[in-house]
There are 2 protein chains.
Amino acid sequence: MFSRLSTVTTDQPRPAARRTRNRPGEGERLRAEIVQAADRLLADAGSVERLSLRGIARAVGITAPAIYAHFSTKEALLAAIVERRFAGLADTLAGAASSADEPRAVVRARARAYVRFGLEHPGIYAVLFGPAADHLGLAYSGSPGERVFALLLDPVAELMTPRGDDPLARAADLWAALHGVVALRSTQTGFPWGDLDPQVDRVVDRLLAS
Amino acid sequence: MFSRLSTVTTDQPRPAARRTRNRPGEGERLRAEIVQAADRLLADAGSVERLSLRGIARAVGITAPAIYAHFSTKEALLAAIVERRFAGLADTLAGAASSADEPRAVVRARARAYVRFGLEHPGIYAVLFGPAADHLGLAYSGSPGERVFALLLDPVAELMTPRGDDPLARAADLWAALHGVVALRSTQTGFPWGDLDPQVDRVVDRLLAS
DNA sequence: TGTACATCAGTGAACGCGCGTTCACTGATGTAC
DNA sequence: TGTACATCAGTGAACGCGCGTTCACTGATGTAC
């Protein structure tokens with residue numbers, strides 16, 4: 001008895017944290033812990049494929065089936081992370097420029113913030129805008145990602161409309177270019193990219209030129 | 001005996017093609033068949049993760065271990081595909097513009113060809129320039145990908161150097177933008193992208209402006 | 001204040017899956033005599 | 001021309017792995033009497 005107990009106790013596996021079971025009525029707390037751990041693992045380790053329910057459970061200090069009390073499916077959990085992060089990114093972009101600024105400065109500030117976000121959290125960025133986004137049903141139409149795009153489109157429209165240029169096309173060009181900067185810099189790490197902000201400024205200024 | 005033989009024969013599983021074993025001395029033929037099948041599967045099904053040795057074997061009509069006679073590892077097989085495709089892409093880009101054209105037209109033609117390649121073969125493109133390229137050791141430095149980049153860089157340099165602009169930075173901007181066009185159009189399929197060539201032309205012309 | 005009980009957060013074992021890779025082998029082919 | 005043999009292209013069974021998901025359950029907690 002004693003020896004068995006002490007074995008089990010000593011034998012503590014991977015889980016970093018010692019957990020105390022939530023009290024009845026507080027089960028919802030685990031939900032938050034799960035999302036937080038999953039988000040951190042995704043941010044650290046870079047790709048959705050490497051994110052497993054078992055790994056998340058290990059990080060939280062529970063067993064994998066316990067996740068099913070809060071998420072019916074791995075995809076449901078991913079969707080929760082993604083929604084949170086989309087909202088966070090939108091807030092970041094919105095906050096990157098005061099609305100009093102002139103439109104070109106707004107675009108520049110938001111472009112820098114967008115790219116920085118992508119490079120700082122490649123795993124998160126990939127889930128929001130990479131191939132994984134596709135089969136998560138997070139494509140443009142009607143999704144929270146639309147809100148993020150609107151934060152680029154709006155100031156671009158302020159610049160283009162008076163000029164008679166097509167704002168949607170120009171904002172799309174810009175989005176694509178910024179995405180490319182994030183994606184290629186993340187992947188082609190041996191390439192002599194040079195400093196980030198000057199590149200973003202060059203791209204923004206030229207793509208918005210008449 | 002008979003029944004067993006006929007069962008085995010009738011019971012023919014997935015493999016599409018009926019194969020006749022190569023004769024001694026002709027084992028090398030299988031190598032080419034494997035690469036071809038793997039390349040096709042990758043081009044069709046879109047992502048490296050979904051490409052398995054067992055799937056390739058099924059497509060060729062052999063068993064998975066037979067692959068090991070020709071490739072010591074799944075990665076070795078991927079590397080063979082990638083090298084072939086890099087060379088093919090370089091040829092396509094080189095052929096997209098006659099060297100007599102003026103540099104701006106060369107860039108435009110190669111940019112269109114690059115983007116078209118990426119959109120027509122998303123699975124291949126992803127292995128060449130996506131996140132998978134990273135851990136395959138196919139990053140920029142010293143790789144065949146460098147040859148592809150040089151095909152953009154050279155005409156850009158012709159344009160920039162007389163002007164005193166930095167060709168490497170401008171070519172990098174362009175590469176990133178083109179990559180973004182490919183990646184986002186592949187992923188965000190619900191977005192109102194508009195026609196491809198006009199977008200590529202807009203991006204090229206503006207990013208090369210002074 | 002003390003006991004019986006219902007609740008429910010979380011466990012542990014098991015499922016079937018497809019994967020990359022290993023290993024000992026089979027059996028048709030071309031060759032040597 | 002016919003037989004014995006070595007070669008070697010490819011097989012089939014098995015390995016251990018981590019995965020998402022299911023299921024019957026345990027046992028600490030708060031509550032009712």
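Just so we're on the same page: letters track the sequence lines, and every chain starts at 1.
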Colleague: Nearest whole angstrom, please: distance from the P of dC8(D) to the CG of L30(B).
Modeller: 16 Å
Colleague: Could you check whether any side-chain N or O of R19(B) sits under 3.5 Å from a backbone N or O of I62(B), counting only pairs where one atom can act as donor and the other as acceptor?
Modeller: no
Colleague: Looking only at the side chain of T63(A) (C-beta and beyond, no hydrogens), which of the listed nucleotides dG12(C), dA9(D), dT21(C) gets closest?
Modeller: dG12(C)
Colleague: What does A69(A) touch in the nucleic acid at a heavy-atom separation under 4.0 angstrom: a base, only the sugar-phosphate, or nothing?
Modeller: nothing
Colleague: Given atom CZ of R31(B) and atom P of dG10(D), what is their separation to the nearest angstrom?
Modeller: 14 Å
Colleague: In whole angstroms, how far is the C1' atom of dT21(C) from the CG atom of L77(B)?
Modeller: 14 Å
Colleague: Identify which one of Y114(B), F149(B), Y125(B) satisfies the ring-ring contact (aromatic ring centres under 6.0 Å, His included) criterion when paired with H179(B).
Modeller: Y125(B)
Colleague: Go ahead and name the base partner of dC25(C); Watson-Crick or wobble counts if both distances stay under 3.5 Å, otherwise write none.
Modeller: dG10(D)
Colleague: May I ask you to evaluate whether R50(A) reaches the phosphate of dG18(D), defined as a side-chain N or O under 4.0 Å from OP1 or OP2?
Modeller: no
Colleague: What integer distance in Å separates E75(A):CD from dG20(D):P?
Modeller: 11 Å
Colleague: Let me know the distance between CG of L53(A) and C1' of dG10(C), rounded to the nearest Å.
Modeller: 16 Å
Colleague: Output the single nucleotide from dT29(C), dT21(D), dT11(D) whose closest atom is nearest the side chain of R23(B).
Modeller: dT29(C)
Colleague: Using purine N1 to pyrimidine N3 plus N6-O4 or O6-N4 for Watson-Crick, or N1-O2 and O6-N3 for G-U wobble, each under 3.5 Å, what pairs with dA32(D)?
Modeller: dT3(C)
Colleague: When the nearest nucleotide of DNA chain C is assigned to A64(B) and to P24(B) on a heavy-atom basis, which residue is associated with the more 5' position?
Modeller: A64(B)
Colleague: Closest approach to the side chain of R21(A), judged atom by atom: which nucleotide of dT29(D), dG27(D), dT29(C) is it?
Modeller: dG27(D)
Colleague: Rounded to whole angstroms, how far apart are CG on N22(A) and C1' on dC8(C)?
Modeller: 11 Å
Colleague: Nearest to the K74(A) side chain among dT29(D), dG20(D), dG10(D), which nucleotide is it?
Modeller: dG20(D)
Colleague: Looking at every strand, decide which applies to S52(B) at a 4.0 Å heavy-atom threshold: base, sugar-phosphate, or nothing.
Modeller: sugar-phosphate
Colleague: Can you tell me the pairing partner of dC15(D) across any strand shown, Watson-Crick or G-U wobble, with both distances under 3.5 angstrom?
Modeller: dG20(C)
Colleague: By nearest atom, which of the nucleotides dT21(D), dT11(C), dG10(D) is closest to the I62(A) side chain?
Modeller: dT11(C)
Colleague: Indicate whether the side chain of S47(A) and that of E49(A) have a donor and an acceptor atom separated by less than 3.5 Å.
Modeller: yes
Colleague: Stepwise, does the salt bridge (charged side-chain N to carboxylate O under 4.0 Å, His left out) test hold for D91(A) with R147(A)?
Modeller: CA-CA 10 Å; D91(A) 289 349; R147(A) 199 183 140 210; 3.2 Å; yes
Colleague: Ignoring backbone atoms, establish whether T73(A) has a side-chain N or O less than 4.0 Å from OP1 or OP2 of dG20(D).
Modeller: no
Colleague: Over how many whole Å does the gap from H70(B) atom NE2 to dC8(D) atom P extend?
Modeller: 13 Å
Colleague: If you check the Y68(B) side chain, which of dT21(D), dA9(D), dT22(C) turns out closest?
Modeller: dT22(C)
Colleague: Side-chain contact, heavy-atom cut-off 4.5 Å: F117(B) with R85(B)?
Modeller: yes
Colleague: Where the side chain of P65(A) is concerned, which of dG12(C), dG10(C), dT21(C) is the nearest nucleotide?
Modeller: dG12(C)
Colleague: So does R29(A) get a side-chain nitrogen or oxygen closer than 4.0 Å to the phosphate oxygens (OP1/OP2) of dG10(C)?
Modeller: no
Colleague: Starting at CZ of R58(B) and ending at P of dG18(C), how long is that distance when rounded to a whole Å?
Modeller: 8 Å
Colleague: Could you tell me whether the side chain of L151(A) reaches within less than 4.5 Å of the side chain of V106(A), counting heavy atoms only?
Modeller: no
